[in-house]
Structure formats: structure tokens, C-alpha cells
J.: 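The structure's right below; bear with me while I get my questions together.
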Amino acid sequence: MKRVIVAGTGASGMPYLVSVLNYLSALPEVETHLIMTESALEVMKRETDLTEEFFVSKASRYYGEKEIYAPIASGSFKTDGMLIIPCSTKTLSSVANGYSENLVSRAAEVTLKERRKLILVVRETPLSLMDIENMRKVALAGGVIMPASPGFYSRPKTIDDLVNFVAGRALSLLGVENDLYKEWKG
Ligand SMILES: Cc1cc2nc3c(=O)[nH]c(=O)nc-3n(C[C@H](O)[C@H](O)[C@H](O)COP(=O)(O)O)c2cc1C
């Protein structure tokens, strides 16, 4: 069994999260703990026709950002890593600076202190100096910064191809091998 934490925050890119959750929920060997921030739920309404129930149904356990008593807020609850997708610059900043004011930043802090995998799929452009400095801090602390930027060398034909490229690469970094994107064979 694998146990992973996935968080959706209020950056643009809800289709990336949907793709990740559709993939994970089809794997019986993966237990997914999902956190959605309040802003993520707002962006979800803007970018998709889905409701919160969809996200609840795709996770083994579902949490709101205020649920600081959740097991994933403690390092004693073992996980195989955490993926924040999409990751806002606000959440990036709270992770980079150890400002654990909600369950997403607390679970990320725990993931780093326990030396587990942490991947932030940041969606912002252009980047401010603060964003760049915060990315540097997270990278130095052992996290992986993965910009939400799909490649075009696989000749994507649909928006789904572009979305799955980012979602698949993020899942691979989390240790979940998948066929959402094509490996470059040269
Ligand atoms: C439609 C919409 C799109 C947004 N897109 C982004 C984005 O791409 N990147 C980002 O960092 N913030 C974006 N924001 C702003 C964040 O939602 C806002 O900073 C929020 O406080 C983030 O909170 P959270 O990190 O707790 O989810 C967007 C907001 C809205 C309403």
C-alpha cells in the first residue's frame, strides 16, 4: 500500500488536479488523503463544472484546510509524500517560510521535516522575486518545484494531452508510475 497526500490550492490549473485524482482513485493500492483550500474550491467553480462532492468521492480521506486535527498534520502518521497541485504563490510562500496556518502548509512542513517527498506544481507567470526566492528555499529544504509547464515534443493534440503531461510528471515525482505522458525515447 502507498499513502499519499494531495492538496489543491487556489491557483489556476484544476484540470491537473482532476487528472491526478482520476488516476490515483483507480489504483486500489493507493490511499489518497486530499485537502482542498477555500480558494481552490472557488477556482474549481471558475474552471470546471465539478462540485466539491467530486473531490470527496475521489479521495480515501477528504479534509478542508481548517482541519488541523487531521492525522496528516502529524509526522507520526506515515506517508509516502505530498503533492500540491496546483500550488498558489501564497501556499508556496507559507511552505517556504514554515508559516503553517492551514492544513496544507502544516502537512507540507511535516513532509519536509520527516524528509519525505514534497512536490509543488506552481502555476504563476511571470514570477516575482519573492516567488523565486520562495522556490529556492523550498528546493534547498528538499522539496521539488515543478512549474506547470507542459512540453510540446510529444506533439500534444488535445488539452487533455497537455494536462496529462503535467499530471503524469507530477505523479512520477511522487513515486506513482503512470502512462499519462510519453517517456522521451530519443
Ligand atoms: C480564478 C482565479 C485564478 C487564480 N489563479 C492563480 C494562479 O494561477 N496562481 C496563484 O498563485 N494564485 C492564483 N489566484 C489567487 C489565489 O487563489 C489566492 O492568492 C489565494 O489566496 C490562494 O490561497 P490558497 O493558497 O490558500 O489556496 C487565483 C484566484 C482566482 C480567483
Side-chain angles (χ1 to χ4, degrees), residues 1-25 30-124 128 130-131 134-135 137-138 141-146 148 167 170-171 173-174 176:
M1 278 299 286
K2 237 184 204 317
R3 182 188 275 162
V4 297
I5 305 170
V6 178
T9 71
S12 181
M14 287 303 140
Y16 299 131
L17 176 60
V18 171
S19 173
V20 159
L21 292 174
N22 280 336
Y23 197 86
L24 288 177
S25 62
V30 179
E31 182 182 303
T32 304
H33 291 249
L34 173 65
I35 318 161
M36 292 288 277
T37 66
E38 284 162 20
S39 302
L41 294 173
E42 289 305 316
V43 177
M44 171 200 77
K45 287 184 212 154
R46 170 86 202 168
E47 297 190 337
T48 74
D49 294 324
L50 300 168
T51 61
E52 191 175 5
E53 282 64 46
F54 168 84
F55 294 89
V56 174
S57 76
K58 291 289 174 182
S60 313
R61 292 280 303 270
Y62 178 86
Y63 314 92
E65 66 173 288
K66 297 279 192 298
E67 291 184 51
I68 50 155
Y69 281 97
I72 53 174
S74 169
S76 64
F77 188 77
K78 293 196 179 60
T79 73
D80 294 291
M82 176 171 183
L83 171 62
I84 308 181
I85 181 168
C87 182
S88 72
T89 53
K90 182 204 136 189
T91 292
L92 166 70
S93 173
S94 41
V95 174
N97 295 288
Y99 184 63
S100 299
E101 48 87 41
N102 68 12
L103 185 59
V104 176
S105 38
R106 172 59 189 165
E109 178 184 26
V110 165
T111 302
L112 286 177
K113 84 181 173 73
E114 301 292 335
R115 305 293 192 267
R116 297 172 188 153
K117 283 177 211 153
L118 176 68
I119 300 108
L120 277 62
V121 180
V122 179
R123 212 308 313 180
E124 188 56 274
S128 70
M130 290 87 81
D131 299 332
N134 285 331
M135 288 181 187
K137 283 189 195 175
V138 171
V144 176
I145 301 295
M146 185 191 142
L171 281 171
L173 287 169
L174 191 62
V176 179

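Keep in mind the model is a prediction, meaning the values are calculated, not measured.
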J.: Within the structure provided, determine whether P71 and R61 are in side-chain contact (heavy-atom separation under 4.5 Å).
T.: yes
J.: Taking V4 as the fixed residue, which of L83, L171, L24 is the one that meets the side chain to side chain contact (heavy atoms under 4.5 Å, CB included) rule?
T.: L24
J.: Answer with yes or no whether the side chains of S74 and S76 bring together a donor and an acceptor at under 3.5 Å.
T.: yes
J.: Examine distances only and state if a side-chain atom of S19 and a backbone atom of Y16 form a donor-acceptor pair shorter than 3.5 Å.
T.: no
J.: Could you measure the distance from the CE atom of M1 to the CG atom of D80? Nearest 0.5 Å is fine.
T.: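 Answer rounded to 0.5 Å: 9.5 Å.
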J.: Looking at R115 and G142, would you say the former's side chain and the latter's main chain have a donor-acceptor pair under 3.5 Å?
T.: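 Pair absent, no side-chain N/O of R115 close to backbone of G142.
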J.: Got a sec, which residues hit side-chain hydrogen bond (donor to acceptor under 3.5 Å, both in side chains) with E52, two or more places apart in sequence or on another chain?
T.: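 With sequence neighbours excluded, E52 shows a side-chain hydrogen bond (donor to acceptor under 3.5 Å, both in side chains) to Y62, given in chain and number order.
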J.: Should M135 and L92 count as side-chain neighbours, where that means a heavy-atom distance under 4.5 Å?
T.: yes
J.: Closest approach of R116 and T79, non-hydrogen atoms and distance?
T.: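 Reported closest heavy-atom pair: CD-O, 3.3 Å.
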J.: So, are K78 and E114 salt-bridged, with charged N and O less than 4.0 Å apart?
T.: no
J.: Locate the shortest heavy-atom distance separating E47 from M14; write the atom from each residue and the value.
T.: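 Result for this residue pair: OE1-N, 2.9 Å.
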J.: Consider only side-chain N and O atoms of E101 and S94, and report whether a donor and an acceptor are under 3.5 Å apart.
T.: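 No pair is found: no donor N or O on one side chain lies under 3.5 Å from an acceptor on the other.
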J.: Is it true that a side-chain atom of R106 and a backbone atom of A73 form a donor plus acceptor pair closer than 3.5 Å?
T.: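 At least one qualifying donor-acceptor pair exists.
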J.: Residues in side-chain hydrogen bond (donor to acceptor under 3.5 Å, both in side chains) with K45, at least two apart?
T.: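 Once residues adjacent in sequence are excluded, the partners of K45 under the side-chain hydrogen bond (donor to acceptor under 3.5 Å, both in side chains) criterion are E42.
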J.: I need the T91 OG1 to N134 CG distance, nearest 0.5 Å.
T.: 11.5 Å
J.: In Å and rounded to the nearest 0.5 Å, what is the CD to CD1 distance from E67 to I72?
T.: 8.5 Å
J.: Is the shortest side-chain heavy-atom distance between K117 and L173 below 4.5 Å?
T.: no
J.: With rounding to the nearest 0.5 angstrom, report the CD1 to CE distance, I84 to M146.
T.: 13.5 Å
J.: How would you list all residue pairs meeting ring-ring contact (aromatic ring centres under 6.0 Å, His included) that involve residues 83-105, not counting sequence neighbours?
T.: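 Every pair satisfying ring-ring contact (aromatic ring centres under 6.0 Å, His included) with a residue in residues 83-105: there are none.
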J.: Can you give me the closest heavy-atom contact between L34 and F55, atom names plus distance?
T.: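 What the structure gives for the nearest pair is CD2-O, 3.4 Å.
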J.: Any idea which heavy atoms bring S100 and E109 closest together, and the distance?
T.: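 S100 and E109 have their closest heavy atoms at OG-OE1, 2.6 Å.
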J.: By side-chain hydrogen bond (donor to acceptor under 3.5 Å, both in side chains), which residues pair with N102, not counting sequence neighbours?
T.: E65, S105
J.: For T9, run the side chain to side chain contact (heavy atoms under 4.5 Å, CB included) check against T89, L17, V104 and tell me which one passes.
T.: V104
J.: Return the NZ to OG distance between K58 and S25, rounded to the nearest 0.5 Å.
T.: 3.5 Å
J.: Could you grab the distance from atom CG of D49 to atom CZ of F54, nearest 0.5 Å is fine?
T.: 12.0 Å
J.: Is it the case that S128 and D131 place a side-chain donor and acceptor less than 3.5 Å from each other?
T.: yes
J.: Measure the shortest side-chain to side-chain distance between V6 and I85 over non-hydrogen atoms and say whether it is less than 4.5 angstrom.
T.: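 A side-chain contact exists here, since the closest heavy-atom pair is under 4.5 Å.
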J.: Please list, chain by chain and in numerical order, all residues satisfying side chain to side chain contact (heavy atoms under 4.5 Å, CB included) with S60, sequence neighbours excluded.
T.: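 Side chain to side chain contact (heavy atoms under 4.5 Å, CB included) list for S60, sorted by chain: E31, T32.
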J.: Donor-acceptor check, side chain of T48 to backbone of M44, threshold 3.5 angstrom: yes or no?
T.: yes
J.: Restricting to non-hydrogen atoms, name the atom on L103 and the atom on G64 that form the minimum distance, rounded to 0.1 Å.
T.: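 Heavy atoms of L103 and G64 come nearest at CD2-O, 3.9 Å.
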J.: Sequence neighbours left out, what pairs pass ring-ring contact (aromatic ring centres under 6.0 Å, His included) with at least one residue falling in residues 64-96?
T.: H33-F77
J.: For residues A108 and V95, report the shortest heavy-atom separation together with the two atoms involved.
T.: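 Minimum heavy-atom contact is CB-CG2, 3.8 Å.
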